Chemist: 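The following block contains the structure, expressed as structure tokens.
Fair warning: this is a prediction, and the values are worked out from it, not measured in the lab.
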Amino acid sequence: MSTSQKDTHKFFMSISEGEKKSFDFLRFVYDGCIAGGVAGVIVETALYPIDTIKTRLQAARGGGKIILKGLYSGLAGNLVGVLPASAIFVGVYEPTKQKLLASLPENLSALAHLSITKALQDYNLQAHGSSFSNAILGAIGGAASSLVRVPTEVVKQRMQTGQFSSAPAAVRLIVAKEGFKGLYAGYGSFLLRDLPFDAIQFCIYEQLRIGYKLAAKRDLNDPENAMLGAFAGAVTGAVTTPLDVVKTRLMVQGSQNQYKGISDCVRTIIKEEGTQALFKGMGPRVLWIGIGGSIFFGILEKTKQILAHRHQQKEAEKPISSF
């Protein structure tokens, strides 16, 4: 790998192998937003039909039949929310990661690393591989993006289940019948699902990258980043399926109010449909998030590298001032 490529990797990677550079907060936000937005839109567009099938499976009560038509219902409106939500997530995650990891105390970092502390010391990775910090950062990014993501998710899932034919009509009727708060139906269950999901997924992904890089003794290539992203997404998707089922039921119920809240939803599902109903749609969910994770993280890392390389070129072209 050439020197310029190695420098590009250093800009955004979780692992710092060389000398520390000054922290440019706005640049990290800008690059994170672009990388996150591009990755989010591509993943959502490519895998939307799988997400629709998953939603219909989870929303069906009892032995309801699943319709396989209109699998792209609500995609256009969803992308309007996915773009800023993904941009906000990564735009918050990346600069916060750089700031938080730089200020972590050594003893906390060592505790987080546990069995691989010695190896991390050898590679001067002490603060940058903290499982604890990556979990916090994933949750912070998810909380920030949820303000945009939840209304988008509500509209999307109601269109996926055939309640509305267009996003503008969905927003208008939801607000008319349920008020503005109707756009945030299931907000609590969304956070209950997404904060653990984001924390676990990014924690697994970052730690896998560290371990893989230590074993290979080189920077990861694009297929390897994609592979680790797929694994992190699939595992996290399977573990959080019950939370996703509850979130879906609360979001699509509308003004019918079949469920009074998260705990009531769980109790009702178990009572009427059995515990296995909490795992509805696990197959499509794992497939969707697994493939989506590989695409998202692969595109994310590649986009960040391209942007970092462009920044380096601009810096190199600047005239050197003489004293």
Side-chain angles (χ1 to χ4, degrees), residues 40-41 43-82 85-86 142 145-146 148-167 169-171 173-174 178 182-194 197-198 233-234 236-256 258-259 262 265-266 268-269 272-273 276-293 295-296:
V41 168
V43 169
E44 196 71 19
T45 302
L47 303 177
Y48 195 78
I50 301 176
D51 180 42
T52 300
I53 293 172
K54 184 268 305 181
T55 298
R56 291 175 182 177
L57 284 170
Q58 292 180 342
R61 304 184 68 180
K65 293 183 179 181
I66 305 302
I67 300 174
L68 297 179
K69 293 182 179 180
L71 296 181
Y72 274 98
S73 296
L75 174 61
N78 189 48
L79 292 181
V80 173
V82 167
S86 298
S145 65
S146 68
V148 176
R149 189 68 178 136
V150 171
T152 304
E153 190 82 358
V154 169
V155 172
K156 178 196 76 172
Q157 292 203 316
R158 295 195 189 183
M159 290 185 67
Q160 287 176 325
T161 53
Q163 296 183 38
F164 303 105
S165 58
S166 70
V171 172
L173 291 173
I174 289 173
E178 305 168 46
L183 293 174
Y184 282 89
Y187 185 73
S189 62
F190 181 91
L191 292 181
L192 184 62
R193 180 203 70 172
D194 267 36
F197 178 90
D198 293 329
T236 311
V239 171
T240 56
T241 295
L243 300 176
D244 190 48
V245 171
V246 172
K247 188 252 347 168
T248 297
R249 293 290 181 93
L250 290 173
M251 282 189 168
V252 303
Q253 69 174 341
S255 57
Q256 298 178 14
Q258 298 167 317
Y259 310 107
I262 296 173
C265 182
V266 174
T268 303
I269 290 174
E272 296 180 356
E273 305 171 57
Q276 69 276 9
L278 291 173
F279 292 89
K280 279 186 172 183
M282 176 183 281
R285 177 170 168 78
V286 170
L287 179 64
W288 168 53
I289 297 178
I291 298 175
I295 299 174
F296 183 86

Chemist: Apply side-chain contact (heavy atoms from CB on, under 4.5 Å) to residues Asn78 and Arg149 and explain how you reach the verdict.
Modeler: CA-CA 9 Å; Asn78 189 48; Arg149 189 68 178 136; 3.3 Å; yes
Chemist: Gly77 and Ala167: which non-hydrogen atoms are nearest, and at how many Å?
Modeler: CA-CB, 4.0 Å
Chemist: Report the distance from atom CZ of Arg193 to atom OG1 of Thr241, rounding to the nearest 0.5 Å.
Modeler: 10.0 Å
Chemist: Output the distance between atom CD1 (Ile295) and atom CG (Leu47), rounded to the nearest 0.5 Å.
Modeler: 4.5 Å
Chemist: Could you tell me which residues satisfy side chain to side chain contact (heavy atoms under 4.5 Å, CB included) with Ala277, sequence neighbours excluded, listed by chain and number?
Modeler: Ile269, Glu273, Lys280
Chemist: Does any non-hydrogen side-chain atom of Val80 lie less than 4.5 Å from one of Thr152?
Modeler: no
Chemist: Going by side chain to side chain contact (heavy atoms under 4.5 Å, CB included), name the residues that satisfy it together with Ser73, two or more places apart in sequence or in a different chain.
Modeler: Arg56
Chemist: Look up atom OH in Tyr187 and atom CE in Met251, then write down how far apart they are to the nearest 0.5 Å.
Modeler: 10.0 Å
Chemist: Please evaluate residues Arg285 and Leu57 with respect to the criterion side-chain contact (heavy atoms from CB on, under 4.5 Å), reporting the C-alpha separation (whole Å), side-chain torsions for both, the decisive distance (0.1 Å), and the verdict.
Modeler: CA-CA 10 Å; Arg285 177 170 168 78; Leu57 284 170; over 6 Å; no
Chemist: For Ala234 and Val286, which heavy atoms make the closest approach, and how far apart are they?
Modeler: CB-CG1, 3.9 Å
Chemist: Please tell me if the side chains of Arg61 and Arg249 come closer than 4.5 Å, counting only heavy atoms from C-beta onward.
Modeler: yes
Chemist: With sequence neighbours left out, write down each residue that passes side chain to side chain contact (heavy atoms under 4.5 Å, CB included) with Val252, or none if nothing qualifies.
Modeler: Ala59, Gln157, Thr161, Gln163, Thr248
Chemist: Which pair of heavy atoms, one from Gly292 and one from Val43, lies closest together, and at what distance?
Modeler: O-CG2, 3.5 Å
Chemist: Rounded to the nearest 0.5 Å, what separates atom OG1 in Thr236 from atom CD1 in Ile289?
Modeler: 8.0 Å
Chemist: How long is the straight-line distance from CZ of Arg158 back to CD of Gln253, given to the nearest 0.5 Å?
Modeler: 8.0 Å
Chemist: What heavy-atom pair brings Cys265 and Leu250 nearest, and what distance separates the two atoms?
Modeler: CB-CD2, 4.2 Å
Chemist: Mind checking whether Phe197 and Asp244 have side chains closer than 4.5 Å, heavy atoms only?
Modeler: no
Chemist: On a heavy-atom basis, which atom in Pro284 and which in Lys54 lie closest, and how many Å separate them?
Modeler: CB-CB, 3.8 Å
Chemist: Restricting to non-hydrogen atoms, name the atom on Val155 and the atom on Val171 that form the minimum distance, rounded to 0.1 Å.
Modeler: CG2-CG2, 3.9 Å
Chemist: Go through the structure and list residues passing side chain to side chain contact (heavy atoms under 4.5 Å, CB included) with Ser165, not counting sequence neighbours.
Modeler: none
Chemist: Please list, chain by chain and in numerical order, all residues satisfying side-chain hydrogen bond (donor to acceptor under 3.5 Å, both in side chains) with Thr52, sequence neighbours excluded.
Modeler: Gln160
Chemist: Partners of Tyr184 by side-chain hydrogen bond (donor to acceptor under 3.5 Å, both in side chains), sequence neighbours excluded?
Modeler: none
Chemist: Enter the distance from Trp288:CH2 to Glu44:CD here, rounded to the nearest 0.5 Å.
Modeler: 6.0 Å
